[in-house]
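Worksheet: the structure to be examined is printed underneath.
Side-chain atoms are counted along with the backbone in the values below, which use heavy atoms only and exclude waters and symmetry mates.
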Amino acid sequence: METVKPYNEADSTKKGEVKAMFNTIAPRYDFLNHFLSLGIDKLWRKRAIKTLKALKPQHILDVATGTGDFAIKAHEMLGCKVTGTDLSAGMLEVGKKKVADKGYESEIDLAEADSEQLPFGDNTFDAVTVAFGVRNYENLDKGLAEMARVIKPGARMVVLEFSKPTLFPFKQLYMFYFRHILPNMGGMISHDQKAYEYLPQSVLAFPDGEAFEAHLKQAGITPVERISQTLGIATIYVGEKKA
């Protein structure tokens, strides 16, 4: 898998550049997320969380939690305790304020942590989720293996990630927007053009569909369901840890 970095500096790691990027765009991240997706990303998150509802998890881990949108919605929909982790202190600062404003501090804990070295014991959580985060991992297989390690046998992993539409002519129209309009609008509002050029580059380089499910299997996760969203713009992957 091709390594795509936000700033492409020769002497820096993808992890370091991703952390710096999110620290930079954190104050405008939520607005841009909902504005550039026309709010559809909220619907995708709800659908991803619904895949856990029947299991009634008591404690879930949300990796690459960012500003906490997924963690907050998961708590509201499932009534469970949520631990969220992220590399970016800037994103977490925004998330912690949202959690405090809603009065959820006792139920949602957000902490800085590396997705490839999670600070939790084996078989700790009832489920693990990650929304729009796995394509930012420096080592995808290591990140997935860590997520698998910290959930209980038989527990679920739910991954929401961008994918590549295939339907003509939607594919062509979307890719024009994704490659040209979105980076310019995102760059203008966030004041970081590279961050929103990185978005389509990272999606195009990411192994979606069956290719991503092969990585899940390598991590010890059995794919259960693959749910395409909005003509293939995003995909929800549901898998279970082998008992």
Side-chain angles (χ1 to χ4, degrees), residues 1 15 18-19 45-66 68-89 91-92 95-96 99 104-161 206-207 210-227 235-243:
M1 185 173 69
K15 192 179 295 182
V18 165
K19 182 175 183 176
R45 286 184 177 86
K46 287 180 184 177
R47 287 175 176 168
I49 293 164
K50 277 182 182 177
T51 65
L52 293 172
K53 206 156 194 177
L55 301 178
K56 298 180 179 177
Q58 297 301 302
H59 191 184
I60 70 172
L61 173 66
D62 184 43
V63 180
T65 197
D69 273 1
F70 200 100
I72 290 168
K73 186 55 65 177
H75 169 64
E76 290 175 344
M77 289 179 64
L78 302 173
C80 62
K81 182 175 176 59
V82 183
T83 296
T85 63
D86 201 276
L87 263 182
S88 167
M91 296 284 275
L92 289 169
K96 287 176 180 178
V99 169
Y104 293 160
E105 296 104 317
S106 63
E107 298 297 328
I108 300 175
D109 180 42
L110 303 183
E112 191 172 343
D114 183 347
S115 58
E116 296 170 27
Q117 292 179 304
L118 293 170
F120 309 109
D122 297 355
N123 310 319
T124 299
F125 299 95
D126 301 312
V128 61
T129 60
V130 56
F132 309 114
V134 289
R135 75 179 190 286
N136 297 321
Y137 289 0
E138 187 164 78
N139 185 321
L140 175 61
D141 291 323
K142 192 174 179 183
L144 293 175
E146 271 293 272
M147 289 165 65
R149 178 185 67 78
V150 299
I151 58 173
K152 298 171 183 176
R156 280 196 167 182
M157 179 186 293
V158 179
V159 178
L160 170 60
E161 189 52 87
F206 185 74
E210 289 183 6
F212 179 65
E213 289 183 336
H215 286 274
L216 289 178
K217 290 174 185 174
Q218 189 174 319
I221 299 294
T222 302
V224 172
E225 200 172 8
R226 186 168 80 232
I227 314 162
T235 302
I236 299 167
Y237 302 90
V238 182
E240 287 183 359
K241 182 176 178 177
K242 294 173 184 176

ask   = Taking the side chain as C-beta and beyond, is there a heavy-atom pair between V158 and L52 under 4.5 Å?
value = yes
request  = Please confirm whether the backbone N or O of T51 pairs with a side-chain atom of R156, one donor and one acceptor, at under 3.5 Å?
outcome  = yes
ask   = Distance-only, no hydrogens or angles: does the K241 side chain make a donor-acceptor pair with backbone N or O of A148 under 3.5 Å?
value = yes
request  = Might you work through the side-chain contact (heavy atoms from CB on, under 4.5 Å) test for K81 and F125, ending with a clear yes or no?
outcome  = CA-CA 10 Å; K81 182 175 176 59; F125 299 95; over 6 Å; no
request  = Taking the side chain as every heavy atom from C-beta outward, state whether K19 and E112 have any pair of such atoms under 4.5 Å apart.
outcome  = yes
key: Distance-only polar pair, side chains of T129 and D62, donor-acceptor under 3.5 Å   = yes
request  = Please name the pair of heavy atoms, one in I151 and one in A127, separated by the smallest distance, quoted to 0.1 Å.
outcome  = CG2-C, 3.7 Å
ask   = Roughly how far, to the nearest 0.5 Å, is CD1 of I49 from SG of C80?
value = 9.0 Å
message = Measuring only between side-chain heavy atoms, which start at C-beta, is L118 closer than 4.5 Å to L61?
response = yes
message = For a quick test of reading the model, state the closest non-hydrogen atom pair linking L110 to I108 and the distance between them.
response = CD2-CG2, 3.9 Å
Interatomic spacing from CD in E213 to CD in Q218 - rounded to 0.5 Å = 14.0 Å
request  = Would you check if E161 and T235 make a side-chain contact, meaning some heavy-atom pair closer than 4.5 Å?
outcome  = no
task = Mark yes when over 12 heavy atoms from residues, nucleotides or ligands other than E105 sit less than 6.0 Å from its CD; otherwise mark no.
result = yes
request  = Please round to the nearest 0.5 Å and tell me the distance separating atom NZ of K15 and atom CG of D114.
outcome  = 3.5 Å
ask   = Are any of the side-chain heavy atoms of K217 and P223 separated by less than 4.5 Å?
value = yes
ask   = Nearest heavy-atom pair of F120 and R149: which atoms, and what distance?
value = O-NH1, 2.8 Å
query = Is the shortest heavy-atom distance from the side chain of L144 to the side chain of V134 under 4.5 Å?
reply = yes
message = Using only atom types and a distance under 3.5 Å, with no angle test, would you say the side chain of D126 pairs donor to acceptor with the backbone of I60?
response = no
note = OH of Y237 to CD1 of I227, rounded to nearest 0.5 Å, is 11.0 Å
inquiry  = Can you tell me how far apart NE2 (H75) and CD (E107) are? Round to the nearest 0.5 Å.
reply    = 5.0 Å
inquiry  = Return the CD to CG distance between E146 and D141, rounded to the nearest 0.5 Å.
reply    = 12.5 Å
message = Has E116 got a side-chain atom pairing as donor or acceptor with Y137's backbone, closer than 3.5 angstrom?
response = no
message = Could you walk me through whether K152 and H59 satisfy the side-chain contact (heavy atoms from CB on, under 4.5 Å) test, starting with their C-alpha distance in whole Å, then the side-chain angles of each, then the deciding distance to 0.1 Å, before giving a yes or no?
response = CA-CA 11 Å; K152 298 171 183 176; H59 191 184; over 6 Å; no
remark   = Scanning both residues in full, the closest heavy-atom pair of A64 with D86 reads C-OD2, 3.2 Å
request  = Evaluate the side-chain proximity of N123 to P153: yes if any heavy-atom separation is below 4.5 Å, no if none is.
outcome  = yes
request  = Of all the heavy-atom pairs spanning F212 and P207, show the shortest one and how long it is.
outcome  = CB-O, 2.9 Å
key: Nearest non-hydrogen partners of P119 and A113, listed with the distance   = CD-CB, 3.8 Å
